Visitor: 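Quick one: this structure, given as structure tokens, is what I'll be asking you about.
Treat the numbers as computed from the prediction; the structure is a model and nothing was measured. Below, all heavy atoms of this structure are taken into account, side chains as well, without hydrogens, waters or symmetry copies. Letters A, B, ... mirror the listed sequences (proteins, then strands); counts begin at 1.
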Amino acid sequence: MSESKLQRLVSQVNQIALNMSANGSDEMVADQVAQHLEKFWAPPMKDLITQRAVGDDIGLTATAQMAIHNLVKIQQAKGA
Amino acid sequence: MLEFYEPQADYGTPKSASTAMVTLSIDGVNVTVPEGTSVMRAAAESGVKIPRLCATDQLKSFGSCRVCLVEIEGRRGFPASCTTNVEAGMEVRTQSDEIGKLRRNVMELYISDHPLDCLTCPTNGDCELQDTAGELGLRSVRYGFEGENHLVAEKDESNPYFTFDPSKCIVCSRCVRACEEVQGTFALTIDGRGFESKVSASQAEDFMDSECVSCGACVNACPTATLTEKSIIEAGKPEHSVTTTCAYCGVGCSFKAEMKGSQVVRMTPYKDGKANEGHACVKGRFAFGYATHKDRITLPMIRDSIDDPWREVSWDEAVTYTAKRFKDIQAQYGRTSIGAISSSRCTNEEVYLVQKMVRAGFGNNNVDTCARVCHSPTGFGLKTTLGESAGTQTFASVAEADVVIVMGANPTEAHPVFGSRLKRRLREGAKLIVIDPRKIELVSSPHITADYHLPVRPGTNVTILNALAHVVVNEGLEARDYIHERCDVAEFEKWRAFIGDERHAPENTETITGVAAADLRAAARLYATGGNGAIFYGLGVTEHSQGSTAVMGIANLAMLTGNIGRDGVGVNPLRGQNNVQGSCDMGSFPHELPGYRHISDTATRQLFEGEWGVTLDSEPGLRIPNMFDAALDGEFKGLYCQGEDIAQSDPNTQHVEAALRSIECLVVQDIFLNETAKFAHVFLPGASFLEKDGTFTNAERRISRVRKVMPPLSGKADWEGTMALANALGCKMDYSHPSEIMDEIARLTPTFTGVSYDRLEQLGSIQWPCNDSTPEGTPIMHVEEFVRGKGFFAMTEYVATTERANRKFPLLLTTGRILSQYNVGAQTRRTDNSEWHGEDLLEIHPHDAEERGINHDDWVGINSRVGDTVLRASVTDRVKPGVVYTTFHHPVSGANVITTDNSDWATNCPEYKVTAVQISKVTAPSSWQARQKSFDKQQQGLLKEAQH
């Protein structure tokens with residue numbers, strides 16, 4: 001798994017969060033970003049970013065970081 | 001629909017749209033027709049043909065030839081039936097001795113100045129002049145043939161597709177009027193007066209040097225052999241015809257493929273085709289020769305490495321080889337290590353089969369389509385705001401528009417038949433707002449001047465749209481009743497607070513967009529208050545990092561002003577390729593099944609699982625750029641690419657090429673060895689649109705039949721090739737005809753429930769949704785309510801692209817298309833269309849050129865952050881200072897060597913329209929171009945080895 005691929009995913013999540021920034025509170029935006037990733041991203045992409053975002057500073061903005069946490073929750077709920 | 005060749009029925013004058021009916025008597029028989037119908041047409045509709053020369057139902061009546069004279073009880077003289085409208089109780093006689101004498105006399109005059117070479121004339125047997133002489137019983141010409149005449153007038157053979165022989169011209173003006181009324185180019189005129197009158201192209205130039213755009217409308221209209229297709233001169237009159245649908249742009253014109261055996265001798269635009277109504281462009285009308293070009297590859301080929309020669313094999317061997325390699329790859333790297341890319345050039349049935357093979361055969365959802373790189377933001381944006389991923393109108397609806405916004409589209413180049421339709425409405429007085437960085441033709445052309453041209457800086461569309469909406473809201477111009485009745489009011493109020501913010505005021509956006517605040521305010525007022533407002537947009541909207549936001553901004557603007565849900569209004573994406581709408585409808589995106597239903601939806605998945613007999617993966621698959629990244633990471637090893645040239649059309653070519661080189665089994669199904677195929681291990685020969693049955697769905701959701709007019713040169717249509725591969729992979733498919741595939745689509749897709757080949761035969765074409773509640777289709781969407789229920793005003797925050805101009809890369813490159821070429825040019829480059837556009841050029845403003853010491857036609861290097869290429873410069877003020885522009889029709893141009901990986905936030909549609917570059921004068925091709933030339937030579941050599 002290349003670092004450049006991770007960085008591309010980080011950039012994309014940040015970009016999505018930024019473009020959704022007017023949708024509401026940070027929490028609401030983070031939730032919408034997570035839903036967007038769940039809906040459109042393939043599992044290897046979701047797996048990579050959720051695994052690497054936990055505990056590490058990989059360059060996500062605060063809202064994007066929150067979104068990834070929400071994505072983890074979505075995935076956990078699916079797995080439950 | 002094979003028919004013996006007959007010219008299409010011609011009623012002499014256009015149909016009247018009136019609903020009031022009038023009854024009259026023609027030759028003693030009562031006839032009832034709509035008010036406003038000409039006597040000529042009324043007669044024709046009742047089965048009586050009145051002889052004519054200057055009249056045709058594609059043009060307004062003109063009344064110049066004096067052949068269509070009739071007698072009307074109570075009227076003096078002999079009125080021309082083409083210019084005389086019916087009246088209640090009118091008694092018309094179309095035949096009498098006196099009428100016959102008058103008509104014959106006119107014909108004698110015409111024939112006295114016409115060559116008597118009918119037997120060797122190319123239109124012998126298909127000539128209205130000849131037919132009319134026969135109908136009138138002309139047996140002699142009293143005036144003789146020795147007088148002054150035009151018989152030695154020089155023939156103009158400059159156009160590659162048709163000739164102009166003035167010696168055969170009767171100066172009926174049909175060609176001139178067709179150029180004006182149908183095409184709207186005004187390239188032809190009648191020069192001189194009296195006996196000196198003659199048809200003239202531009203300023204008495206050859207057709208090729210004139211403003212003529214070779215749409216063929218004049219050739220269609222000509223009643224003699226004056227304007228004749230060279231293919232007809234060469235091959236003679238067709239003997240049968242088949243009605244089919246053009247495989248070029250998203251207009252989806254209907255054509256009669258006119259045949260001699262299995263040879264196409266002419267493509268004639270079909271008058272009953274609802275998308276084009278008898279009109280065509282230079283591509284659809286004339287550029288069909290690629291289908292039998294010598295470069296066609298008709299045998300499957302395989303090789304282990306891209307450095308090996310190709311080996312021609314049977315279909316069975318190619319398919320077995322591919323299936324084994326795909327299975328081996330999945331065994332070694334996992335189920336998700338392979339995928340497929342389908343093409344909007346293929347039929348609905350073909351793209352449906354590709355996604356079915358991937359989901360049911362590969363066992364994953366790694367399927368994507370070229371719509372990813374063009375209109376995927378349209379799908380996202382319109383689904384979010386309106387509830388359906390499609391345009392809202394018919395093309396014909398523009399005839400009811402009062403104000404038209406054309407944004408990021410260039411209809412007269414890229415969607416020319418719609419462009420002509422639009423120009424007709426503009427000539428009638430509709431207002432026009434063009435939002436585009438370039439001065440496209442619609443900004444200023446004969447009889448058309450845009451009321452406002454907003455020359456937006458590339459990358460700032462969202463700001464423009466927000467500013468337009470801001471003006472409407474802050475000046476109280478919104479359609480309040482419509483919004484309260486049709487839209488989600490709570491969301492609207494949130495959006496109104498957002499858009500009302502002063503940062504969106506035109507005075508504050510001026511520095512971002514480069515558009516003067518006063519012009520923007522005036523344009524907003526015009527759109528909001530000018531009557532029916534229709535928006536047409538193209539890739540200049542979608543291919544940005546904020547493409548989806550811009551599409552939502554367009555939908556917001558239309559809802560805000562009440563401009564959705566009836567004729568003359570709407571949101572209309574102009575789709576680049578013939579079947580972009582269809583390929584999206586057919587579930588070609590990795591996250592959704594046919595009918596835009598998400599793969600995670602259990603009920604939908606179960607429906608398909610029941611039909612296909614497999615369990616489907618509930619997670620989305622990889623998008624095209626994800627496939628490339630995964631390939632470079634060693635996780636994606638097998639790709640089936642049908643009809644799409646990703647090596648030329650996708651951005652950042654060097655990245656794409658590296659990805660393709662890392663794929664272990666690349667299968668390309670195409671009609672030519674395209675750029676992608678040079679990296680392939682398996683080549684499956686494709687079929688052109690002339691070689692298969694199926695359907696295309698155009699930009700107005702119109703499903704039209706594609707009909708086989710010749711057998712597939714490779715022995716298989718593309719759907720048969722996919723089916724063979726699927727079966728070899730153990731994914732059972734057993735269709736004997738594409739109609740069975742459509743039946744399956746209809747069983748599984750609520751918006752297609754009523755679609756079948758039988759119904760298409762019956763109705764000609766169908767605009768989906770077509771189901772029990774709309775059995776004949778849905779011309780206008782969202783009439784009573786939006787598909788999603790209440791219209792949703794989406795927030796449209798402007799987030800600037802990270803691709804910024806700076807000192808090193810001070811100019812912004814944007815890309816587009818040109819009339820004579822199509823997309824990557826694989827088809828049109830193999831036709832005479834290249835006479836108009838043999839190479840891609842870089843347009844640069846005189847100021848920017850002068851600063852760099854660049855002259856017209858100089859070779860210039862274009863450097864971006866990801867690559868560089870070399871093109872010839874065209875110094876022009878079509879682009880504004882700071883902006884440069886090119887097309888991408890020729891592989892050697894390397895236009896996408898310089899475009900970046902930036903993409904739309906929601907869909908990953910590439911940001912083709914904004915690349916920061918520097919331009920400098922150079923004397924040699926770029927290093928990439930040198931490598932491309934060398935690689936091309938190697939691959940052509942490996943191909944030749946296979947073919948010897």
Side-chain angles (χ1 to χ4, degrees), chain A residues 1-52 59-64 67-68 71-80, chain B residues 334 336-337 339 364-366 368 376 380 384 462 466 491 494-495 497-499 501 545-549 552 589-592 598-601 617-623 625-630 632-636 655 794-802 901-908:
Chain A
M1 205 70 75
S2 72
E3 281 305 304
S4 64
K5 181 174 173 187
L6 177 65
Q7 280 316 304
R8 275 198 293 278
L9 297 183
V10 168
S11 298
Q12 283 182 38
V13 181
N14 288 342
Q15 187 191 9
I16 294 165
L18 200 54
N19 277 277
M20 287 185 165
S21 63
N23 290 6
S25 65
D26 289 349
E27 289 74 20
M28 183 188 285
V29 171
D31 188 48
Q32 289 180 359
V33 173
Q35 295 291 346
H36 184 93
L37 300 180
E38 170 61 15
K39 195 172 174 183
F40 295 109
W41 278 25
M45 297 159 66
K46 288 188 270 199
D47 291 346
L48 175 60
I49 200 147
T50 52
Q51 285 160 15
R52 295 295 298 274
L60 291 167
T61 63
T63 310
I68 299 304
L71 180 62
V72 171
K73 284 183 200 160
I74 292 170
Q75 290 190 305
Q76 285 169 344
K78 275 166 56 184
Chain B
T336 58
S337 60
N364 62 46
N365 291 310
N366 290 337
D368 209 351
S376 51
F380 181 89
T384 303
V462 171
N466 284 344
E491 291 296 333
K494 278 198 269 181
W495 176 82
F498 160 80
I499 210 73
D501 190 281
S545 64
Q546 329 82 352
S548 291
T549 313
M552 293 191 292
F589 288 132
H591 67 280
E592 61 194 9
H598 200 272
I599 191 72
S600 65
D601 182 71
D617 187 343
S618 63
E619 289 281 350
L622 297 169
R623 295 169 170 177
N626 307 144
M627 291 181 194
F628 295 152
D629 290 345
L632 287 166
D633 277 344
E635 297 162 358
F636 188 77
H655 178 72
M795 293 297 179
T796 52
E797 187 64 72
Y798 170 61
V799 177
T801 174
T802 53
D901 288 324
N902 278 11
S903 66
D904 172 47
W905 64 272
T907 65
N908 287 136

Visitor: Name the region of B:Thr549, side chain, backbone, both or neither, that has any atom closer than 4.5 Å to a heavy atom of chain A.
Guide: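 Only the side chain of B:Thr549 comes within 4.5 Å of chain A.
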Visitor: What closest approach, in Å, do A:Lys39 and B:His598 show between heavy atoms, and which atom pair accounts for it?
Guide: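 Answer, listing the atom of A:Lys39 first, then B:His598: O-NE2, 2.7 Å.
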Visitor: For A:Asn23, which residues count as a side-chain contact (heavy atoms from CB on, under 4.5 Å) partner, sequence neighbours excluded?
Guide: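 Applying side-chain contact (heavy atoms from CB on, under 4.5 Å) to A:Asn23 gives A:Met20, A:Val29, A:Gln32, B:Met795.
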Visitor: Could you state the interatomic distance from CD (A:Gln15) to CD (B:Gln546), rounded to the nearest 0.5 Å?
Guide: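 Reported to 0.5 Å precision, the distance equals 8.5 Å.
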Visitor: With sequence neighbours left out, write down each residue that passes salt bridge (Lys or Arg N to Asp or Glu O under 4.0 Å) with B:Asp501, or none if nothing qualifies.
Guide: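 Applying salt bridge (Lys or Arg N to Asp or Glu O under 4.0 Å) to B:Asp501 gives B:Arg503.
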Visitor: When rounded to the nearest 0.5 angstrom, what is the spacing between CG in B:Asn626 and NZ in A:Lys5?
Guide: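 Answer rounded to 0.5 Å: 8.0 Å.
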Visitor: Considering non-hydrogen atoms only, spot the tightest contact between B:Pro620 and A:Pro43 and give its length.
Guide: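 Shortest heavy-atom separation between B:Pro620 and A:Pro43 comes out as O-CD, 3.2 Å.
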Visitor: How close do A:Phe40 and B:Arg623 get, counting heavy atoms only, and between which atoms?
Guide: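 Result for this residue pair: CB-NH2, 3.2 Å.
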Visitor: If you count heavy-atom pairs within less than 4.5 Å of chain A, which of B:Val799, B:Leu622, B:Thr796 leads?
Guide: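 Between B:Val799, B:Leu622, B:Thr796, the count favours B:Val799.
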Visitor: Between A:Ser21 and B:Glu797, which heavy-atom pair has the shortest distance, and what is it?
Guide: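 Closest approach of A:Ser21 to B:Glu797: OG-CG, 3.9 Å.
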Visitor: Which heavy atom in A:Ala22 sits nearest to a heavy atom in B:Phe498, and how many Å separate them?
Guide: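 Closest heavy-atom pair between A:Ala22 and B:Phe498: CB-CE1, 3.9 Å.
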Visitor: Can you say whether B:Phe636 sits under 4.5 Å from chain A via the side chain, the backbone, both, or neither, judging by heavy atoms?
Guide: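 For B:Phe636, neither part sits under 4.5 Å from chain A.
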Visitor: Can you tell me how far the OG1 atom of B:Thr802 sits from the CG atom of A:Leu18, to the nearest 0.5 Å?
Guide: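 Between B:Thr802 OG1 and A:Leu18 CG, I get 10.5 Å after rounding to 0.5 Å.
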Visitor: Just verifying a value: how many Å separate B:Glu619 CD and A:Met45 CE, rounded to the nearest 0.5 Å?
Guide: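 It is 12.0 Å, given to the nearest 0.5 Å.
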Visitor: Check the pair B:Asn908, A:Gln12 against side-chain contact (heavy atoms from CB on, under 4.5 Å), reporting the backbone distance first and the verdict last.
Guide: CA-CA 9 Å; B:Asn908 287 136; A:Gln12 283 182 38; 3.5 Å; yes
